[in-house]
Amino acid sequence: MYSRVRTYILAMVAAAMAMVLASVGGAAIQSALFPWPPGTDISVPATTVAAVAAMPLIAKLLLIVEWAVGDLLVFAVAIWANGFRKSILWLAWLVPLIGVGSNFSEYPYPDWMIVAGVAAVPLAGVAACFVIPGRR
């Protein structure tokens, strides 16, 4: 009993670390390809709203792809850390959902991006079931 709980906790910590690394890496790539306009301070909502509105559509689509890949990475790491048992998936949903919630509370993304980001979470979970080996 306790070893299973310990394994779940370790899997969730590993998944959370994967989410942080994926978001930092994705943000670095996104900033290199599509830098924020000069004078943008992401801690000031007014400048962030203007910067997000000025983002080209391709940058917004790449951001959604980054979220989906990050979610898939979270599920993959959680399954790996759980000994390739997919029973962790019921709990691993929390990590990307918290990530989506914090991301959308931090930046004023358009509604269609919010819907796409939330839709990426279950799609990534389904993809992890097919990509990661282990019990089906």
Once side chain to side chain contact (heavy atoms under 4.5 Å, CB included) is applied, do any residues pair with [X], and if so which ones, sequence neighbours excluded?
X   : value
I88 : Y8, A11, M12, A78, I79, N82, L91
A68 : A120
A22 : L73

Between F34 and L62, is the side-chain contact (heavy atoms from CB on, under 4.5 Å) condition met? List the steps.
CA-CA 10 Å; F34 302 101; L62 285 175; 3.7 Å; yes
Indicate if [X] and [Y] have the same hydrophobic cluster label, given that clusters are the connected sets of ILVMFWY residues with side-chain heavy-atom separations under 4.5 angstrom.
X    : Y    : answer
I114 : L123 : no
L94  : M19  : yes
F84  : V95  : yes
V74  : V121 : yes

Work out which heavy atom in A18 is nearest to a heavy atom in V77; give both atom names and the distance.
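So the two residues come closest at CB-CG2, 3.7 Å.
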Smallest separation among heavy atoms of P96 and F75, with atom names:
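Reported closest heavy-atom pair: CG-CZ, 3.8 Å.
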Residue W80 excluded, over 12 heavy atoms near CH2 under 6.0 Å
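Atom CH2 in W80 is not crowded, with 12 or fewer foreign heavy atoms closer than 6.0 Å.
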So, do P122 and W93 sit near enough that their side-chain heavy atoms are less than 4.5 Å apart?
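They are in side-chain contact.
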Considering only heavy atoms from C-beta outward, does the side chain of E66 approach that of I29 to under 4.5 Å?
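Result no, sub-4.5 Å side-chain heavy-atom pair not found.
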Remaining members of V20's ILVMFWY cluster at a side-chain heavy-atom cut-off under 4.5 Å?
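Other cluster members: V24.
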Remaining members of V65's ILVMFWY cluster at a side-chain heavy-atom cut-off under 4.5 Å?
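Result for V65 is V69.
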All N/O donor-acceptor pairs, side-chain side in residues 51-60, below 3.5 Å, sequence neighbours left out:
none

